[in-house]
J.: 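Supplied in structure tokens, the structure appears directly below.
Residue numbers start from 1 in every chain, and the chains themselves are labelled A, B, ... in the order their sequence lines are given, proteins ahead of strands. Quantities reported herein were computed from a predicted structural model and do not represent experimental measurements.
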Amino acid sequence: MPELPDVEGFRRVLARHAVGAPVRAVAVLDNQVLRGFGPERLREVLRGRRFGEPWRHGKWLVVPIIPPGAEQSSLLLHFGMTGELVWADDDGGRHRHDRVVFVLPEGELRYRDMRKLTGVRLAGNAAECRSLLADLGPDALGLTRGELARVLAGRRGRIKPTLADQAVVAGLGNLLVDEILWRARIAPQRSVADLEPGDVTRLHRQLGTVLRRSIEAARVPPRPSWLTGRRDEPSGSCPRCGTTLSHGRVGGRGTVWCPRCQHR
DNA sequence: CGCCCACCCTGATGGC
DNA sequence: TGCCATCAGGGTGGGC
């Protein structure tokens with residue numbers, strides 16, 4: 001589930017409910033999601049502290065811990081395929097997939113994740129934080145046409161795996177890439193090297209549109225007029241031309257495209 | 001660099 | 001009903 005729009009939604013949840021309030025307690029319900037540190041260390045860095053203003057890069061949510069000690073520690077949250085961040089006004093209704101719960105005076109912030117494919121990291125200082133994010137390309141939100149052209153330059157692979165590669169552009173996942181390519185009328189198997197300036201322009205424009213509208217909904221909205229709204233139907237049709245959509249694997253991921261509108 | 005595979009996890013689903 | 005294979009919008013590391 002979580003791609004850039006979802007994580008942006010989690011960022012807002014955290015910013016709205018949890019910033020600035022003292023962290024009263026931290027319940028680690030599953031040690032497995034803590035990567036590279038244990039529950040004790042987490043409680044120790046949060047003792048007597050608060051969450052600062054969260055920011056996002058790609059699918060990573062970074063939460064500074066304030067006030068800083070000798071160094072600025074940060075929590076780095078990734079949501080894998082099934083993660084989410086949930087605010088609850090009281091301590092009831094916990095979910096069985098809640099893995100870490102931050103207890104605040106006005107409620108609880110819950111890191112929930114069924115599959116535990118990624119998890120939570122802790123950076124002890126700014127340099128560590130930077131190095132954890134060092135392999136990411138520029139954030140997909142606000143990417144200019146020039147930046148897109150620059151990161152695609154010299155690439156020889158297919159467009160879908162390239163756009164989904166976090167080292168190229170950060171934030172796009174399987175659903176978003178399919179949606180963007182469908183709107184830009186470019187087949188997912190198309191070679192990056194074959195793209196013409198007009199293709200890059202459409203790609204950039206649709207990338208921006210899809211991201212903005214998805215952020216409003218905090219997800220890629222499964223509307224019937226979007227590819228995402230049809231992709232799970234066994235023989236769904238293209239919302240634009242009515243042709244039966246094709247299903248296959250590109251770059252090892254399930255891929256849906258319109259064989260008529262999207263040119264190879 | 002690009003591509004493929006195995007692997008990390010849990011849960012839902014369909015076939016036998 | 002049980003069991004097994006397969007699949008799912010994440011990422012990593014290794015081999016070619």
J.: Would you mind reading off the distance between A/Arg35 atom CZ and C/dG10 atom C1', rounded to a whole angstrom?
T.: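 After rounding, the reported distance stands at 11 Å.
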J.: For the pair A/Phe102 and A/Phe51, name the ring-plane relationship: parallel under 30°, tilted 30 to 60°, perpendicular over 60°.
T.: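 Rings of A/Phe102 and A/Phe51: perpendicular, over 60°.
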J.: State yes or no: do A/Leu136 and A/Leu172 share one hydrophobic cluster built from I, L, V, M, F, W and Y residues joined by side-chain heavy-atom distances below 4.5 Å, directly or via other members?
T.: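 No, it is not one cluster - the side chains of A/Leu136 and A/Leu172 are not joined through contacts under 4.5 Å.
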J.: Starting from A/Leu227, can I reach A/Leu207 by hopping between I/L/V/M/F/W/Y residues whose side chains sit under 4.5 Å apart?
T.: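 Shared cluster, no.
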J.: Of all heavy-atom pairs between A/His78 and A/Thr118, which one has the smallest distance, and what is that distance?
T.: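 Reported closest heavy-atom pair: ND1-OG1, 3.3 Å.
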J.: Pick the P atom in C/dC3 and in B/dC9, then give their distance to the nearest Å.
T.: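 The answer is 23 Å between these two P atoms.
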J.: Closer to the 5' end of DNA chain C via nearest nucleotide, is it A/Asp135 or A/Arg231?
T.: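 Here A/Arg231 is the residue nearer the 5' end.
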J.: Using heavy atoms to find the nearest nucleotide of DNA chain C for A/Trp60 and A/Arg219 separately, return the residue whose nucleotide is more 5′.
T.: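 The 5'-side residue here is A/Arg219.
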J.: Testing the basics here: between A/Gln189 and A/Arg158, what is the closest heavy-atom pair and its distance to 0.1 Å?
T.: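 Looking at all heavy atoms of both residues, the closest pair is O-CG, 3.4 Å.
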J.: What's touching nucleotides 4-7 of chain C from the protein side, N or O pairs under 3.5 Å?
T.:
none

J.: Taking atom P of C/dG9 as reference, at what distance in whole Å does atom CD of A/Gln166 sit?
T.: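 Atom-to-atom, A/Gln166 to C/dG9, this comes out as 14 Å.
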J.: For residues A/Leu14 and A/Pro54, report the shortest heavy-atom separation together with the two atoms involved.
T.: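 Scanning both residues, the minimum pair turns out to be CD2-CG, 3.9 Å.
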J.: Can you find a side chain N or O atom of A/Arg158 that sits less than 4.0 Å from OP1 or OP2 on B/dC4?
T.: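 The answer is yes; a side-chain N or O of A/Arg158 sits under 4.0 Å from OP1 or OP2.
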J.: CG of A/Leu61 versus C1' of C/dG10: gap in Å, rounded?
T.: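 After rounding, the reported distance stands at 16 Å.
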J.: May I have the distance from A/Asp165 (atom CG) to B/dC3 (atom P), rounded to whole angstrom?
T.: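 Nearest whole value for this atom pair: 10 Å.
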J.: Round to a whole Å and report the spacing from CD1 of A/Ile159 to P of B/dC3.
T.: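 So the CD1-P distance, A/Ile159 to B/dC3, works out to 11 Å.
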J.: Please determine if A/Arg121 forms a cation-pi arrangement with A/Trp60, meaning its NZ or CZ atom is less than 6.0 Å from the six-membered ring centre and no more than 45° off the ring axis.
T.: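 No, A/Arg121 does not sit over the ring of A/Trp60.
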J.: Report, one pair per line, the protein and nucleotides 7-9 of chain B atoms (nitrogen or oxygen only) whose separation is under 3.5 Å.
T.:
unit_1: B/dC9; atom_1: OP1; unit_2: A/Gln32; atom_2: NE2; d: 3.4
unit_1: B/dC9; atom_1: O2; unit_2: A/Arg115; atom_2: NE; d: 2.9
unit_1: B/dC9; atom_1: N3; unit_2: A/Arg115; atom_2: NH2; d: 3.4

J.: What heavy-atom pair brings A/Gly137 and A/His57 nearest, and what distance separates the two atoms?
T.: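 Closest approach of A/Gly137 to A/His57, heavy atoms only: O-NE2, 2.8 Å.
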J.: Identify whether A/Ile159 and A/Val210 are in the same connected component of the hydrophobic contact network (ILVMFWY, side-chain heavy atoms under 4.5 Å).
T.: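 Yes; tracing contacts between hydrophobic side chains, which count when under 4.5 Å, links both residues.
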J.: At their closest point, which heavy atom of A/Ile65 faces which heavy atom of A/Val45, and how far apart are they?
T.: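 Closest pair (atom of A/Ile65, atom of A/Val45, distance): CG2-O, 3.6 Å.
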J.: Please report, rounded to the nearest Å, how far the P atom of B/dG11 is from the CG atom of A/Asp113.
T.: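 Result: 11 Å.
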J.: For DNA chain B, produce a single dot-bracket line, 5' to 3'. Pairs: Watson-Crick or G-U wobble, both distances under 3.5 Å. Symbols: ( ) within strand, [ ] crossing, | other strand, . unpaired.
T.: .|||||||.|||||||
J.: Any side-chain N or O of A/Arg96 under 4.0 Å from OP1/OP2 of B/dG11?
T.: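 So the side-chain polar atoms of A/Arg96 do come within 4.0 Å of the phosphate oxygens OP1 or OP2 of B/dG11, strictly under.
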J.: Following the transitive rule for hydrophobic clusters with a side-chain heavy-atom cut-off under 4.5 Å over Ile, Leu, Val, Met, Phe, Trp and Tyr, establish whether A/Ile186 and A/Trp257 coincide in one cluster.
T.: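 No, A/Ile186 does not connect to A/Trp257 through the hydrophobic network.
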J.: Assess the residue pair A/Leu175 and A/Trp226 against the criterion (side chain to side chain contact (heavy atoms under 4.5 Å, CB included)); give the C-alpha distance rounded to whole Å, side-chain angles, the decisive distance to 0.1 Å, and a yes or no.
T.: CA-CA 11 Å; A/Leu175 274 196; A/Trp226 288 45; over 6 Å; no
J.: Touch check for A/Asp178, heavy atoms < 4.0 angstrom, all strands: base, sugar-phosphate only, or nothing?
T.: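 A/Asp178: no heavy atom of the nucleic acid under 4.0 Å.
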J.: Name the closest nucleotide to the A/His97 side chain, picking from C/dG9, B/dT10, C/dG10.
T.: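 So the side chain of A/His97 is nearest to B/dT10.
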J.: Got a donor-acceptor pair under 3.5 Å from the side chain of A/Arg253 to the base of C/dG11?
T.: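 Result: at least one qualifying N/O pair found.
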J.: Could you state the CG-C1' distance from A/Leu176 to C/dG10, rounded to the nearest angstrom?
T.: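 So the CG-C1' distance, A/Leu176 to C/dG10, works out to 13 Å.
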J.: Please state how far atom NE2 in A/His78 lies from atom P in C/dT12, giving the value in whole angstrom units.
T.: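 My rounded result for the distance is 7 Å.
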